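Below: the structure, in structure tokens.
Only heavy atoms go into these numbers, but all of them, side chains included; no hydrogens, no water, no symmetry mates. All values reported here derive from a predicted model rather than from experimental measurement.
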Amino acid sequence: LMLDLSLFADVIIGDYNYLFDSGAYLHRFFDEDCSDALLLIDEAHELPDRIRAMYSPELSAETFRKNAVGRKRTKLGKILSRIADEIRELSEPCGTEAEGAVKNIVPAFPDTLIRDMEQFRELYMETEGEENTHTALTLIAPEPEFRKQKGSDSRAGELNRLFLDTIKFLRIYDISDDAHFRYSASLNYPDARTEPAEGKAEHMLKLHCIDPAGIADERTGSAAGTVYFSGSLLPAAYFRPLLSESEQPYFVFPSPFPPE
């Protein structure tokens, strides 16, 4: 009801994710003509890191393997096992050490892996049925609420979470490029300086959004204008290229508060 009523409002206040996050994006506002809308982005110094987090999804080989258990004789189980093996193969051996992880930075993910993920998406929709996948595909309802409805502790709920994470990964991979993203496969464990205990290591596949400016431009491009503001948006030379790929004017105003 609140969303329906908001269509008649002159001013709408909401979190960043309703505009910038592909999972919570409000299509009813931003897919229509919003050329007369002015976007006022408060606390804009936090936006670059928020966009990086929104567009840096990861998937675990162990999660695919866990969901394949009990389904190995089915087409779905076989594709889950194959994806797990492909992620493990990319993760080992890993080259660059960091605290808690050893990473392989790769130029792109193999086409075979992406095709297998797409096949998992299609097989899940076939085996689970349209009723169970409609909300996940449209993501109209908030994702946490949908996951709650599906039963987060059940095997079906675990598979559904993996399905949601996979379609998010594929959606972002589809818009990724070398200028704004990096791709990695990593072996994660508590201390990268020591050998992981048996079964404790996680083989992870991750997209890293390193430059949020292109996404910020794409999301705000259809509006009449966008004003980023914050009490902490300095130095401007640092933040400006993170918020737009084109050079935009900026203004610095003195603080209205007394120095003391």
Side-chain angles (χ1 to χ4, degrees), residues 21-23 51-98 100-128 132-133 136-137 139 143 147 155-189 192 196 199-212 214-215:
D21 191 338
S22 62
I51 292 178
R52 287 190 186 105
M54 292 171 188
Y55 288 82
S56 297
E58 60 183 11
L59 295 170
S60 163
E62 284 66 34
T63 304
F64 282 98
R65 180 75 65 191
K66 180 180 178 182
N67 279 278
V69 174
R71 300 183 174 99
K72 289 187 176 180
R73 294 188 178 184
T74 66
K75 289 183 179 180
L76 185 60
K78 289 176 182 177
I79 197 68
L80 290 170
S81 294
R82 191 158 69 232
I83 294 170
D85 290 341
E86 289 170 317
I87 296 176
R88 290 177 67 93
E89 184 178 349
L90 276 176
S91 306
E92 297 177 340
C94 292
T96 304
E97 292 194 11
V102 185
K103 295 181 181 178
N104 274 338
I105 303 298
V106 296
F109 298 131
D111 291 341
T112 53
L113 174 58
I114 299 303
R115 284 197 298 269
D116 284 342
M117 288 184 183
E118 292 170 344
Q119 187 178 351
F120 161 55
R121 179 186 61 194
E122 300 306 317
L123 282 173
Y124 179 89
M125 292 191 299
E126 290 175 11
T127 56
E128 295 297 306
N132 290 343
T133 59
L137 288 171
L139 292 177
E143 187 176 324
R147 290 181 171 180
R155 291 196 74 229
E158 290 178 358
L159 184 60
N160 179 255
R161 284 198 301 273
L162 180 57
F163 170 72
L164 287 172
D165 291 341
T166 301
I167 60 173
K168 178 179 180 179
F169 191 96
L170 289 171
R171 182 188 297 117
I172 295 174
Y173 186 75
D174 189 51
I175 65 169
S176 67
D177 57 43
D178 294 341
H180 302 91
F181 288 83
R182 292 294 181 269
Y183 314 93
S184 77
S186 64
L187 184 62
N188 290 6
Y189 44 92
K200 296 296 184 181
E202 277 195 291
H203 298 76
M204 306 296 298
L205 200 68
K206 184 165 184 174
L207 283 166
H208 303 262
C209 176
I210 58 171
D211 184 358
I215 294 169

- Message: Measuring from atom CE of Met204 to atom OG of Ser91, what distance do you get when rounded to the nearest 0.5 angstrom?
- Response: 9.0 Å

- Arg88: partners by side-chain hydrogen bond (donor to acceptor under 3.5 Å, both in side chains), with sequence neighbours left out: Glu62, His203

- Message: Show, in sequence, the C-alpha distance, side-chain angles and deciding distance for Ser56 and Lys206, and conclude whether the side-chain contact (heavy atoms from CB on, under 4.5 Å) test is met.
- Response: CA-CA 7 Å; Ser56 297; Lys206 184 165 184 174; 4.1 Å; yes

- Note on the structure: Rounded to the nearest 0.5 Å, the OG1 atom of Thr63 sits from the CD1 atom of Ile83 at a distance of 11.5 Å

- Message: If you define the side chain from C-beta out and look only at heavy atoms, does anything of Asn160 sit under 4.5 Å from Tyr124?
- Response: yes

- Message: Just to verify, what does Pro57 make a side-chain contact (heavy atoms from CB on, under 4.5 Å) with, not counting sequence neighbours?
- Response: Phe169, Ile172, Leu207

- Roughly how far apart are Leu170 CG and Ile175 CD1, rounded to 0.5 Å? 12.0 Å

- Query: So which pairs with a foot in residues 67-77 pass salt bridge (Lys or Arg N to Asp or Glu O under 4.0 Å), sequence neighbours left out?
  - Reply: none

- Item | For Lys66, all residues meeting salt bridge (Lys or Arg N to Asp or Glu O under 4.0 Å), sequence neighbours excluded | Glu158

- Message: Could you measure the distance from the CD atom of Glu122 to the CD1 atom of Ile79? Nearest 0.5 Å is fine.
- Response: 11.5 Å

- Task: Only counting residues at least two apart or in another chain, list the ones meeting side-chain hydrogen bond (donor to acceptor under 3.5 Å, both in side chains) with His180.
- Result: Asp177, Glu245

- Task: List the steps and the verdict of side-chain hydrogen bond (donor to acceptor under 3.5 Å, both in side chains) for Ser176 and Tyr183.
- Result: CA-CA 10 Å; Ser176 67; Tyr183 314 93; 3.0 Å; yes

- Message: Please report the interatomic distance CD1(Ile51) to CG(Asp211), rounded to the nearest 0.5 Å.
- Response: 9.5 Å

- Query: What residues, two or more places apart in sequence or in another chain, satisfy side-chain hydrogen bond (donor to acceptor under 3.5 Å, both in side chains) together with Ser184?
  - Reply: His208

- Message: Once side-chain contact (heavy atoms from CB on, under 4.5 Å) is applied, do any residues pair with Arg115, and if so which ones, sequence neighbours excluded?
- Response: Asp111, Thr112, Glu118

- Closest non-hydrogen atom pair, Leu205 against Ala185: CD1-CB, 4.3 Å

- Query: Mind checking what makes side-chain hydrogen bond (donor to acceptor under 3.5 Å, both in side chains) contact with Ser81, not counting sequence neighbours?
  - Reply: none

- Query: Got Asn104 and Leu90 here, is their nearest side-chain heavy-atom distance under 4.5 Å?
  - Reply: no

- Atom pair CD1/CZ of Ile167 and Phe120 - distance to nearest 0.5 Å: 9.5 Å

- Message: Checking Phe181 now: which residues fulfil ring-ring contact (aromatic ring centres under 6.0 Å, His included) with it, not counting sequence neighbours?
- Response: none

- Message: Could you work out, with salt bridge (Lys or Arg N to Asp or Glu O under 4.0 Å) as the rule, every residue matching Arg82, not counting sequence neighbours?
- Response: Asp116

- Item | Contact summary for Tyr55 and Cys209, nearest pair of heavy atoms | O-CB, 3.5 Å

- Leu80 versus Asn67, closest heavy-atom pair with distance: CD1-O, 3.6 Å

